[in-house]
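Below you'll find the structure, written out as structure tokens, and then a few comments.
Indexing begins at 1, ligand by ligand and atom by atom, following the structure's order. Position 1 is the first residue of the sequence; numbering continues from there.
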Amino acid sequence: MSVQAPLKKGSEDPYVAIAQQQLIALGYGLPRFGADGVLGDETLSAYGAFLVSRGLRAATDEQPKAITPAGSAALDVAFAALNQGGSTSNIIDERANHPHAGRSVSTPYRLWSKITAVVLHQTASNIGEKPARWHSVPIHFCITRAGKVIQLYDLTEICNHANGLNRSSVGIEIDGWYAGIEGQPKTLWQPKGLATPRQPMDLPTLQADAVKATVQWIANTVAANGGMVTHIHPHRQSSKDRQSDPGSLIWQTVGLWAQNTLGLSDGGAAFTVGNGRTIPEDWDVRYTGNRY
Ligand SMILES: [Zn+2]
């Protein structure tokens, strides 16, 4: 979506938030104000750097004072290119192949504008690489240990994956069992009756990269439909029974990455929903004193 006439500094046109989301997705961070819908210096500076990268402006030129139709068209082209290539162009689409029994019965669908978050989970299992084995999992995306991305539900469907965060979030299930805190095997969930106790799994680079690409793809797709993903949460924040979900390794590899790279928020040190637990200091050193 591009503008027809230049948008000047200070504008609060609805297009501004779209341009900001595109800039963030393209790697031009807006650390102070994020996608706030106001065209200020931070956004114009990022927009200027983007134009330089496209050869539409010299690095020595003054900072642009407006977003022009040509500049916004260039943003659209760059943003559209993001949605192609990379592992998420190879989403294994299983949406038509199962009965969608994991969907909310009372409210099966939502508007794009209601999607504001991504929730990360570990399966605490090993479901494996065969897409059909995932059909009964009530969640939008599953990432296998080999890095396959399997989509089960539309983003606009409300799935029962994250308790009080269901309505606002898209869920990603990461296959494998992971310690609640890396290096502390006691924080790993042990099913009853195993002859040999489980050992925590690692997070293969292929799998971690597929999760990151999926978070990015979700944010881009929601933005392309007029909404905006602003948050990323561990399931733990919305359920006291999911203390180690998804665990420190996944959270530090993907949750913190999404905050630093995409400008998403985890809600802060005290954030919980329902009977959930705060993010512990062992997962994020900023949250001094938050217990596991
Ligand atoms: Zn979970």
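Residue side and main chain included, His121 places an N/O/S atom under 2.8 Å of the Zn ion (ligand 1).
Its N, O or S atom nearest to the Zn ion (ligand 1) is what matters here, and for Asp245 that atom is OD2. Within His235, the N, O or S atom at minimum distance from the Zn ion (ligand 1) carries the name ND1.
A donor-acceptor contact under 3.5 angstrom links the side chains of Arg103 and Tyr109, judged on distance only. Side chains of His161 and Glu173: no donor on one and acceptor on the other come within 3.5 Å. Looking only at atom types and distance, the side chain of Glu182 has no donor-acceptor partner in the side chain of Ser248 under 3.5 Å away.
Judged by a 6.0 Å distance limit and a 45° cone about the ring axis, Arg236 is positioned over the six-membered ring of Trp283.
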